[in-house]
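Encoded as C-alpha coordinates, the structure appears first; notes follow it.
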Amino acid sequence: MVQAVVGANWGDEGKGKITDMLAEKADIVIRFQGGANAGHTIVNDYGKFALHTLPSGVFYSHITNIIGNGVALNIPTLVGEIKSIVDRGVPEPKIMVSDRAQVVMSYHILLDQYEEERLGGKSFGSTKSGIAPFYSDKYAKIGFQVSELFDDEILEEKAARVCEIKNVTIQHLYHKPALKKEDIVKELRQYRDMIAPYVCDVSSFLYQALKDGKQILLEGQLGSLKDPDHGIYPMVTSSSTLAAYGAIGAGIPPYEIKRIVTVCKAYSSAVGAGAFVSEIFGDEAEELRRRGGDGGEYGATTGRPRRVGWFDCVASSYGCRVQGTTEVVFTVLDVLGYLDEIPVCVAYEIDGEQTTEFPTASKLNRAKPVIEKLPGWKTDIRGIRKYEDLPENCRNYIEFVEKKIGFPIAMISNGPGRKDIIYR
Ligand code: GDP
(Lines give C-alpha, C1' and ligand atoms only; values in the text may rest on other atoms or scores of the structure.)
Protein backbone atom coordinates (compact mmCIF):
# COMPACT_ATOMS: atom_id res chain seq x y z
CA MET A 1 0.00 0.00 0.00
CA VAL A 2 1.22 3.45 -0.83
CA GLN A 3 0.34 6.57 1.15
CA ALA A 4 1.46 10.10 0.46
CA VAL A 5 2.15 12.78 3.06
CA VAL A 6 1.81 16.17 1.40
CA GLY A 7 1.17 19.81 2.30
CA ALA A 8 -2.05 21.77 1.78
CA ASN A 9 -0.51 25.22 2.12
CA TRP A 10 2.79 26.98 1.40
CA GLY A 11 4.99 24.35 3.02
CA ASP A 12 6.23 24.08 6.64
CA GLU A 13 2.95 22.49 7.70
CA GLY A 14 4.76 19.88 9.79
CA LYS A 15 5.00 17.13 7.17
CA GLY A 16 8.35 15.96 8.54
CA LYS A 17 6.86 15.14 11.91
CA ILE A 18 3.88 13.34 10.38
CA THR A 19 6.07 11.33 8.01
CA ASP A 20 8.39 10.42 10.86
CA MET A 21 5.36 9.30 12.86
CA LEU A 22 3.71 7.29 10.07
CA ALA A 23 7.09 5.82 9.12
CA GLU A 24 7.01 3.65 12.21
CA LYS A 25 4.68 1.27 10.34
CA ALA A 26 6.27 1.75 6.90
CA ASP A 27 8.90 -0.28 5.08
CA ILE A 28 9.94 2.37 2.57
CA VAL A 29 9.96 6.19 2.63
CA ILE A 30 10.45 8.05 -0.65
CA ARG A 31 11.25 11.66 -1.53
CA PHE A 32 9.77 12.18 -5.00
CA GLN A 33 10.28 15.86 -5.87
CA GLY A 34 12.05 19.03 -4.82
CA GLY A 35 15.57 19.36 -3.55
CA ALA A 36 17.58 20.57 -0.61
CA ASN A 37 15.76 23.91 -0.64
CA ALA A 38 13.25 23.16 2.08
CA GLY A 39 13.74 21.70 5.51
CA HIS A 40 11.78 19.20 7.53
CA THR A 41 12.13 19.46 11.25
CA ILE A 42 11.94 16.25 13.23
CA VAL A 43 12.07 15.85 16.97
CA ASN A 44 12.64 12.29 18.23
CA ASP A 45 14.63 10.27 20.75
CA TYR A 46 17.92 11.17 19.03
CA GLY A 47 17.27 14.92 19.28
CA LYS A 48 16.06 17.66 16.96
CA PHE A 49 17.01 17.45 13.28
CA ALA A 50 16.48 19.64 10.24
CA LEU A 51 16.57 17.39 7.18
CA HIS A 52 16.88 19.02 3.78
CA THR A 53 17.27 16.14 1.43
CA LEU A 54 17.08 12.87 3.38
CA PRO A 55 13.69 11.15 3.59
CA SER A 56 12.17 11.38 7.08
CA GLY A 57 12.40 7.60 7.57
CA VAL A 58 16.15 7.71 8.27
CA PHE A 59 15.69 7.44 12.01
CA TYR A 60 14.27 3.92 11.80
CA SER A 61 16.63 1.08 10.99
CA HIS A 62 13.86 -1.05 9.43
CA ILE A 63 13.18 1.52 6.70
CA THR A 64 14.62 1.80 3.22
CA ASN A 65 14.86 5.50 2.37
CA ILE A 66 14.68 6.38 -1.29
CA ILE A 67 15.63 9.45 -3.29
CA GLY A 68 13.32 9.12 -6.27
CA ASN A 69 13.97 10.12 -9.86
CA GLY A 70 11.89 13.29 -9.46
CA VAL A 71 14.25 14.81 -6.88
CA ALA A 72 16.85 17.50 -7.52
CA LEU A 73 19.75 15.53 -6.08
CA ASN A 74 22.43 17.59 -4.36
CA ILE A 75 25.08 14.96 -3.75
CA PRO A 76 27.35 16.82 -1.28
CA THR A 77 24.29 17.83 0.77
CA LEU A 78 22.98 14.26 0.81
CA VAL A 79 26.30 12.75 1.85
CA GLY A 80 26.89 15.50 4.43
CA GLU A 81 23.45 14.99 5.90
CA ILE A 82 23.95 11.23 6.24
CA LYS A 83 27.23 11.90 8.06
CA SER A 84 25.66 14.53 10.30
CA ILE A 85 22.94 12.23 11.60
CA VAL A 86 25.29 9.28 12.03
CA ASP A 87 27.67 11.55 13.97
CA ARG A 88 24.81 12.27 16.36
CA GLY A 89 24.22 8.61 17.15
CA VAL A 90 21.58 7.61 14.56
CA PRO A 91 22.36 4.13 13.14
CA GLU A 92 23.61 4.21 9.52
CA PRO A 93 20.37 4.54 7.52
CA LYS A 94 19.49 2.41 4.50
CA ILE A 95 19.53 4.75 1.51
CA MET A 96 18.85 4.16 -2.18
CA VAL A 97 19.21 6.78 -4.88
CA SER A 98 17.44 6.35 -8.20
CA ASP A 99 19.73 5.92 -11.19
CA ARG A 100 17.27 8.20 -13.00
CA ALA A 101 17.52 11.09 -10.55
CA GLN A 102 19.37 14.12 -11.87
CA VAL A 103 22.21 15.96 -10.25
CA VAL A 104 22.27 19.54 -8.94
CA MET A 105 25.55 21.07 -10.13
CA SER A 106 27.50 23.89 -8.52
CA TYR A 107 26.72 26.04 -11.56
CA HIS A 108 22.99 25.62 -10.90
CA ILE A 109 23.55 27.20 -7.51
CA LEU A 110 25.67 29.98 -9.03
CA LEU A 111 23.05 30.68 -11.68
CA ASP A 112 20.40 30.90 -8.99
CA GLN A 113 22.52 33.45 -7.10
CA TYR A 114 23.36 35.46 -10.22
CA GLU A 115 19.69 35.66 -11.19
CA GLU A 116 18.59 36.77 -7.72
CA GLU A 117 21.31 39.42 -7.78
CA ARG A 118 20.17 40.60 -11.19
CA LEU A 119 16.52 40.78 -10.14
CA GLY A 120 17.38 42.69 -6.96
CA GLY A 121 14.20 43.73 -5.17
CA LYS A 122 12.03 41.91 -7.73
CA SER A 123 13.45 38.53 -6.81
CA PHE A 124 11.32 35.45 -6.27
CA GLY A 125 12.76 34.86 -2.83
CA SER A 126 14.65 31.79 -4.01
CA THR A 127 16.62 29.84 -1.41
CA LYS A 128 19.45 29.91 -3.98
CA SER A 129 19.93 26.17 -3.89
CA GLY A 130 19.89 25.90 -7.68
CA ILE A 131 16.46 24.30 -7.89
CA ALA A 132 14.96 26.44 -10.68
CA PRO A 133 18.09 26.28 -12.92
CA PHE A 134 18.27 22.54 -12.20
CA TYR A 135 14.72 21.78 -13.33
CA SER A 136 15.07 24.14 -16.32
CA ASP A 137 18.08 22.11 -17.46
CA LYS A 138 16.31 18.82 -16.81
CA TYR A 139 13.50 19.77 -19.17
CA ALA A 140 15.88 21.45 -21.63
CA LYS A 141 17.58 18.03 -21.69
CA ILE A 142 21.00 19.24 -20.66
CA GLY A 143 20.90 17.82 -17.13
CA PHE A 144 23.01 14.96 -15.81
CA GLN A 145 21.23 11.79 -14.83
CA VAL A 146 22.88 9.72 -12.08
CA SER A 147 23.26 6.82 -14.54
CA GLU A 148 25.34 9.06 -16.82
CA LEU A 149 27.91 9.73 -14.11
CA PHE A 150 29.30 6.27 -14.84
CA ASP A 151 30.01 7.00 -18.51
CA ASP A 152 33.06 9.24 -19.03
CA GLU A 153 32.42 9.77 -22.70
CA ILE A 154 28.93 11.13 -22.09
CA LEU A 155 30.23 13.38 -19.32
CA GLU A 156 32.89 15.00 -21.54
CA GLU A 157 30.47 15.54 -24.39
CA LYS A 158 27.64 16.92 -22.28
CA ALA A 159 29.92 19.13 -20.17
CA ALA A 160 31.16 20.79 -23.36
CA ARG A 161 27.55 21.45 -24.42
CA VAL A 162 26.66 22.88 -21.05
CA CYS A 163 29.58 25.34 -21.26
CA GLU A 164 28.56 26.46 -24.75
CA ILE A 165 25.02 27.22 -23.66
CA LYS A 166 25.55 28.51 -20.13
CA ASN A 167 28.56 30.71 -20.84
CA VAL A 168 26.55 32.97 -23.12
CA THR A 169 24.29 33.88 -20.20
CA ILE A 170 26.99 33.82 -17.57
CA GLN A 171 29.33 36.16 -19.45
CA HIS A 172 26.91 38.42 -21.29
CA LEU A 173 23.95 38.68 -18.96
CA TYR A 174 25.57 38.24 -15.56
CA HIS A 175 29.14 39.35 -16.40
CA LYS A 176 30.64 36.55 -14.34
CA PRO A 177 33.54 34.14 -15.01
CA ALA A 178 32.84 31.46 -17.64
CA LEU A 179 32.43 27.78 -16.75
CA LYS A 180 35.26 25.45 -17.73
CA LYS A 181 34.57 22.02 -19.11
CA GLU A 182 37.39 20.40 -17.09
CA ASP A 183 35.91 21.75 -13.85
CA ILE A 184 32.48 20.37 -14.66
CA VAL A 185 33.86 16.94 -15.53
CA LYS A 186 35.93 16.92 -12.34
CA GLU A 187 32.88 17.81 -10.26
CA LEU A 188 30.84 15.07 -11.93
CA ARG A 189 33.54 12.46 -11.24
CA GLN A 190 33.66 13.47 -7.59
CA TYR A 191 29.90 13.09 -7.41
CA ARG A 192 30.10 9.66 -9.02
CA ASP A 193 32.45 8.41 -6.30
CA MET A 194 30.31 9.88 -3.55
CA ILE A 195 26.98 8.52 -4.77
CA ALA A 196 28.06 5.13 -6.18
CA PRO A 197 27.28 3.13 -2.99
CA TYR A 198 23.64 4.26 -3.02
CA VAL A 199 22.64 4.03 -6.69
CA CYS A 200 20.04 1.51 -7.80
CA ASP A 201 17.13 0.86 -10.14
CA VAL A 202 14.47 2.25 -7.81
CA SER A 203 11.52 1.66 -10.12
CA SER A 204 12.22 -2.05 -10.35
CA PHE A 205 12.86 -2.28 -6.57
CA LEU A 206 9.48 -0.65 -5.92
CA TYR A 207 7.72 -2.88 -8.43
CA GLN A 208 8.86 -5.87 -6.42
CA ALA A 209 8.12 -4.15 -3.08
CA LEU A 210 4.52 -3.52 -4.16
CA LYS A 211 4.15 -7.15 -5.21
CA ASP A 212 5.42 -8.16 -1.77
CA GLY A 213 2.81 -5.97 -0.08
CA LYS A 214 5.29 -3.52 1.45
CA GLN A 215 4.09 -0.32 3.13
CA ILE A 216 5.36 2.70 1.21
CA LEU A 217 5.29 6.37 2.21
CA LEU A 218 5.71 9.16 -0.30
CA GLU A 219 7.05 12.28 1.39
CA GLY A 220 6.15 15.57 -0.24
CA GLN A 221 8.04 18.81 0.10
CA LEU A 222 6.40 22.27 0.31
CA GLY A 223 2.64 22.39 -0.32
CA SER A 224 -0.14 22.71 -2.90
CA LEU A 225 0.18 26.46 -3.27
CA LYS A 226 3.81 26.10 -4.39
CA ASP A 227 2.92 23.69 -7.19
CA PRO A 228 4.04 25.07 -10.58
CA ASP A 229 0.68 24.25 -12.21
CA HIS A 230 -1.87 24.55 -9.44
CA GLY A 231 -0.12 27.00 -7.14
CA ILE A 232 0.46 30.75 -7.11
CA TYR A 233 2.55 30.88 -10.29
CA PRO A 234 5.18 32.30 -10.70
CA MET A 235 5.85 32.38 -6.94
CA VAL A 236 6.05 28.60 -6.90
CA THR A 237 8.69 25.94 -6.80
CA SER A 238 9.94 24.16 -9.92
CA SER A 239 8.64 20.63 -9.39
CA SER A 240 5.14 19.43 -8.61
CA THR A 241 4.30 19.31 -4.92
CA LEU A 242 1.17 17.21 -5.45
CA ALA A 243 0.63 13.61 -4.39
CA ALA A 244 -0.16 12.67 -7.99
CA TYR A 245 3.40 13.50 -8.93
CA GLY A 246 4.54 10.89 -6.42
CA ALA A 247 3.74 8.25 -9.01
CA ILE A 248 6.08 9.85 -11.52
CA GLY A 249 8.78 11.07 -9.17
CA ALA A 250 9.11 7.63 -7.56
CA GLY A 251 8.25 5.44 -10.55
CA ILE A 252 5.12 3.61 -9.34
CA PRO A 253 1.63 3.18 -10.83
CA PRO A 254 -0.70 6.09 -9.92
CA TYR A 255 -3.48 3.74 -8.81
CA GLU A 256 -1.25 2.36 -6.05
CA ILE A 257 -1.53 5.61 -4.03
CA LYS A 258 -4.43 4.75 -1.74
CA ARG A 259 -4.18 7.29 1.06
CA ILE A 260 -3.36 10.93 0.62
CA VAL A 261 -2.64 12.43 4.02
CA THR A 262 -2.66 16.18 3.62
CA VAL A 263 -0.97 18.20 6.33
CA CYS A 264 -2.66 21.48 7.07
CA LYS A 265 -1.45 23.97 9.66
CA ALA A 266 -3.82 25.61 12.18
CA TYR A 267 -2.63 29.07 11.07
CA SER A 268 -0.74 30.19 7.98
CA SER A 269 2.95 30.72 7.32
CA ALA A 270 4.94 31.21 4.15
CA VAL A 271 8.50 31.86 3.07
CA GLY A 272 9.42 33.92 0.07
CA ALA A 273 7.35 36.35 -1.93
CA GLY A 274 3.85 35.92 -3.39
CA ALA A 275 0.22 36.62 -2.56
CA PHE A 276 -0.72 35.71 1.02
CA VAL A 277 -4.24 36.92 1.62
CA SER A 278 -4.58 36.24 5.35
CA GLU A 279 -1.12 37.60 6.22
CA ILE A 280 -0.77 39.70 9.37
CA PHE A 281 1.85 42.29 10.26
CA GLY A 282 3.32 44.24 13.15
CA ASP A 283 3.12 43.16 16.79
CA GLU A 284 0.29 40.71 16.12
CA ALA A 285 2.49 38.91 13.55
CA GLU A 286 5.60 39.10 15.70
CA GLU A 287 3.81 37.36 18.55
CA LEU A 288 2.49 34.52 16.36
CA ARG A 289 5.90 34.16 14.71
CA ARG A 290 7.66 33.95 18.04
CA ARG A 291 5.22 31.41 19.46
CA GLY A 292 4.81 29.45 16.21
CA GLY A 293 6.12 26.02 15.20
CA ASP A 294 8.67 24.69 17.64
CA GLY A 295 10.82 27.64 18.64
CA GLY A 296 9.39 30.22 16.24
CA GLU A 297 8.53 30.50 12.57
CA TYR A 298 11.99 30.78 11.04
CA GLY A 299 13.03 28.87 7.92
CA ALA A 300 14.67 25.48 8.60
CA THR A 301 17.06 26.01 5.65
CA THR A 302 17.65 29.75 5.63
CA GLY A 303 16.72 30.95 9.13
CA ARG A 304 14.63 33.65 7.44
CA PRO A 305 11.61 34.85 9.47
CA ARG A 306 8.51 33.31 7.91
CA ARG A 307 5.52 35.42 6.97
CA VAL A 308 2.56 34.49 9.15
CA GLY A 309 -1.21 34.90 9.09
CA TRP A 310 -4.52 33.41 10.17
CA PHE A 311 -5.92 30.14 8.91
CA ASP A 312 -7.12 30.53 5.34
CA CYS A 313 -10.14 28.31 4.59
CA VAL A 314 -10.19 29.28 0.91
CA ALA A 315 -6.56 28.42 0.24
CA SER A 316 -6.59 25.31 2.46
CA SER A 317 -9.77 23.90 1.00
CA TYR A 318 -8.30 24.33 -2.49
CA GLY A 319 -4.95 22.99 -1.30
CA CYS A 320 -6.62 19.83 0.02
CA ARG A 321 -8.70 19.44 -3.13
CA VAL A 322 -5.79 19.57 -5.58
CA GLN A 323 -3.89 17.03 -3.50
CA GLY A 324 -6.77 14.55 -3.76
CA THR A 325 -6.90 14.41 0.04
CA THR A 326 -8.33 11.34 1.73
CA GLU A 327 -7.66 12.72 5.24
CA VAL A 328 -6.27 15.86 6.84
CA VAL A 329 -3.78 16.21 9.68
CA PHE A 330 -4.33 19.51 11.44
CA THR A 331 -1.00 20.61 12.94
CA VAL A 332 0.55 23.11 15.35
CA LEU A 333 -2.80 23.72 17.00
CA ASP A 334 -1.19 24.09 20.43
CA VAL A 335 0.40 27.39 19.33
CA LEU A 336 -2.99 29.16 19.18
CA GLY A 337 -3.69 28.63 22.90
CA TYR A 338 -2.67 32.21 23.78
CA LEU A 339 -5.41 33.97 21.82
CA ASP A 340 -8.66 35.35 23.26
CA GLU A 341 -10.23 35.20 19.83
CA ILE A 342 -8.99 33.35 16.77
CA PRO A 343 -9.48 35.10 13.45
CA VAL A 344 -10.10 32.82 10.45
CA CYS A 345 -10.19 33.83 6.80
CA VAL A 346 -13.44 32.31 5.52
CA ALA A 347 -13.71 33.95 2.08
CA TYR A 348 -11.98 36.40 -0.23
CA GLU A 349 -13.30 39.67 -1.47
CA ILE A 350 -12.14 40.33 -5.01
CA ASP A 351 -13.26 43.47 -6.87
CA GLY A 352 -16.16 43.92 -4.45
CA GLU A 353 -17.38 40.31 -4.68
CA GLN A 354 -17.05 37.54 -2.11
CA THR A 355 -15.85 34.11 -3.11
CA THR A 356 -14.71 30.87 -1.50
CA GLU A 357 -13.09 29.65 -4.74
CA PHE A 358 -9.31 30.02 -4.80
CA PRO A 359 -8.46 32.16 -7.85
CA THR A 360 -5.46 32.24 -10.19
CA ALA A 361 -2.52 34.32 -9.00
CA SER A 362 -3.31 37.52 -10.91
CA LYS A 363 -6.71 37.78 -9.21
CA LEU A 364 -5.33 36.55 -5.92
CA ASN A 365 -3.17 39.66 -5.69
CA ARG A 366 -6.36 41.73 -5.44
CA ALA A 367 -8.06 39.51 -2.86
CA LYS A 368 -8.84 40.80 0.62
CA PRO A 369 -9.58 38.43 3.50
CA VAL A 370 -13.08 38.10 4.93
CA ILE A 371 -12.45 37.36 8.61
CA GLU A 372 -14.62 35.57 11.13
CA LYS A 373 -13.56 35.33 14.78
CA LEU A 374 -13.91 32.24 16.91
CA PRO A 375 -13.51 32.16 20.69
CA GLY A 376 -10.09 30.97 21.87
CA TRP A 377 -9.48 28.27 24.52
CA LYS A 378 -6.75 30.03 26.49
CA THR A 379 -5.01 26.90 27.75
CA ASP A 380 -2.03 24.78 26.83
CA ILE A 381 -3.35 21.71 24.97
CA ARG A 382 0.03 19.94 24.72
CA GLY A 383 0.00 16.52 26.30
CA ILE A 384 -3.69 15.87 25.59
CA ARG A 385 -4.13 12.50 23.82
CA LYS A 386 -7.90 12.20 23.43
CA TYR A 387 -10.14 14.33 21.26
CA GLU A 388 -12.82 14.57 23.95
CA ASP A 389 -10.25 16.00 26.38
CA LEU A 390 -9.63 19.06 24.21
CA PRO A 391 -11.34 22.25 25.44
CA GLU A 392 -14.72 22.81 23.82
CA ASN A 393 -13.65 25.97 22.00
CA CYS A 394 -10.70 24.09 20.59
CA ARG A 395 -12.94 21.32 19.25
CA ASN A 396 -15.25 23.98 17.85
CA TYR A 397 -12.32 25.55 16.00
CA ILE A 398 -11.33 22.18 14.52
CA GLU A 399 -14.89 21.35 13.50
CA PHE A 400 -15.42 24.82 12.03
CA VAL A 401 -12.30 24.46 9.89
CA GLU A 402 -13.22 20.92 8.87
CA LYS A 403 -16.61 22.08 7.61
CA LYS A 404 -15.09 24.99 5.70
CA ILE A 405 -12.38 22.95 4.00
CA GLY A 406 -14.66 20.01 3.25
CA PHE A 407 -12.20 17.21 4.08
CA PRO A 408 -12.11 15.07 7.22
CA ILE A 409 -9.59 16.01 9.89
CA ALA A 410 -8.44 12.59 11.05
CA MET A 411 -5.50 13.62 13.23
CA ILE A 412 -4.60 16.65 15.29
CA SER A 413 -1.00 17.49 16.11
CA ASN A 414 -0.58 19.36 19.41
CA GLY A 415 3.18 19.45 19.79
CA PRO A 416 6.38 18.79 17.83
CA GLY A 417 7.13 15.33 19.25
CA ARG A 418 6.20 11.93 17.80
CA LYS A 419 3.64 11.28 20.52
CA ASP A 420 1.92 14.66 20.32
CA ILE A 421 -0.93 13.42 18.19
CA ILE A 422 -4.66 12.96 18.66
CA TYR A 423 -6.55 10.46 16.49
CA ARG A 424 -10.21 11.10 15.94
P1 GDP B 1 7.61 20.60 7.04
O2 GDP B 1 8.54 21.22 6.04
O3 GDP B 1 6.21 20.53 6.54
O4 GDP B 1 8.12 19.30 7.56
O5 GDP B 1 7.52 21.60 8.27
P6 GDP B 1 8.73 22.21 9.14
O7 GDP B 1 9.44 21.13 9.79
O8 GDP B 1 9.50 23.21 8.37
O9 GDP B 1 7.91 23.12 10.17
C10 GDP B 1 7.15 22.63 11.13
C11 GDP B 1 7.67 23.10 12.48
O12 GDP B 1 6.67 22.92 13.41
C13 GDP B 1 8.84 22.31 13.01
O14 GDP B 1 9.63 23.12 13.82
C15 GDP B 1 8.18 21.19 13.82
O16 GDP B 1 8.99 20.66 14.84
C17 GDP B 1 7.03 21.95 14.39
N18 GDP B 1 5.82 21.18 14.62
C19 GDP B 1 5.26 20.18 13.90
N20 GDP B 1 4.09 19.83 14.40
C21 GDP B 1 3.89 20.64 15.48
C22 GDP B 1 2.83 20.79 16.42
O23 GDP B 1 1.80 20.13 16.37
N24 GDP B 1 3.00 21.75 17.38
C25 GDP B 1 4.11 22.54 17.47
N26 GDP B 1 4.17 23.44 18.42
N27 GDP B 1 5.10 22.43 16.59
C28 GDP B 1 4.99 21.50 15.62
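Just so you know, these numbers come straight off a predicted model, no measurement behind them. When a ligand or atom number is given, it counts from 1 through the structure's own listing order.
For the atom pair NE2 (His62) and NZ (Lys25), the distance works out to 10.0 Å, reported to the nearest 0.5 Å. The structure places CD1 of Ile248 at 6.0 Å from OH of Tyr245, a figure rounded to the nearest 0.5 Å. Interatomic distance, Leu217 CG to Arg259 CZ, rounded to the nearest 0.5 Å: 9.0 Å.
Qualifying side-chain contact (heavy atoms from CB on, under 4.5 Å) partners for Ala275, counting only residues two or more places apart in sequence or in other chains: Leu364, Asn365. A search for ring pair (Phe, Tyr, Trp, His ring centres under 6.0 Å) contacts involving Tyr318 returns Phe358, not counting sequence neighbours.
Arg304 forms no cation-pi arrangement with Tyr298, by the criterion of a distance under 6.0 Å to the ring centre and an angle within 45° of the ring axis.
With no hydrogens or angles considered, a side-chain donor-acceptor pair links Glu187 and Ser106 at under 3.5 Å. Inspection of the Lys404 and Ser317 side chains reveals no N or O donor paired with an N or O acceptor under 3.5 Å.
Residue contacts with ligand 1, taken as heavy atom pairs separated by less than 4.0 Å, do not involve Leu222 at all. Neither the backbone nor the side chain of His52 comes within contact range of ligand 1; no heavy atom lies under 4.0 Å. At a 4.0 Å heavy-atom cut-off, ligand 1 touches Asp12 through backbone and side chain alike.
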side-chain contact (heavy atoms from CB on, under 4.5 Å) between Ile82 and Glu92, intermediate numbers included = CA-CA 8 Å; Ile82 297 172; Glu92 185 81 36; 3.8 Å; yes

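Annotation: Gly14 places an N or O atom under 3.5 Å from an N or O atom of ligand 1; distance criterion only. Considering backbone and side-chain N/O atoms, Val43 never comes within less than 3.5 Å of an N/O atom of ligand 1. For ligand 1, one of its N or O atoms has an N or O atom of Val332 under 3.5 Å away.
For Gly415, the closest heavy-atom approach to ligand 1 falls below 4.0 Å. Note on ligand 1: Asp420 sits outside its first shell, no heavy atom being nearer than 4.0 Å.
When each atom of ligand 1 is checked for a heavy atom of Lys17 under 4.0 Å away, the hits are 20 (N). Each of the atoms 23 (O) of ligand 1 lies under 4.0 Å from some heavy atom of Asn414. With ligand atoms numbered from 1 in the order given, ligand 1 contributes 26 (N) to contacts under 4.0 Å with heavy atoms of Arg382. Residue contact check: Ser413 has heavy atoms under 4.0 Å from atoms 20 (N), 21 (C), 22 (C), 23 (O) of ligand 1. Numbered from 1 in the order shown, with element, the atoms of ligand 1 that lie under 4.0 Å from a heavy atom of Arg306 read 8 (O).
Among Glu219, Lys15, Gln221, the residue whose heavy atom lies nearest to atom 1 (P) of ligand 1 is Lys15.
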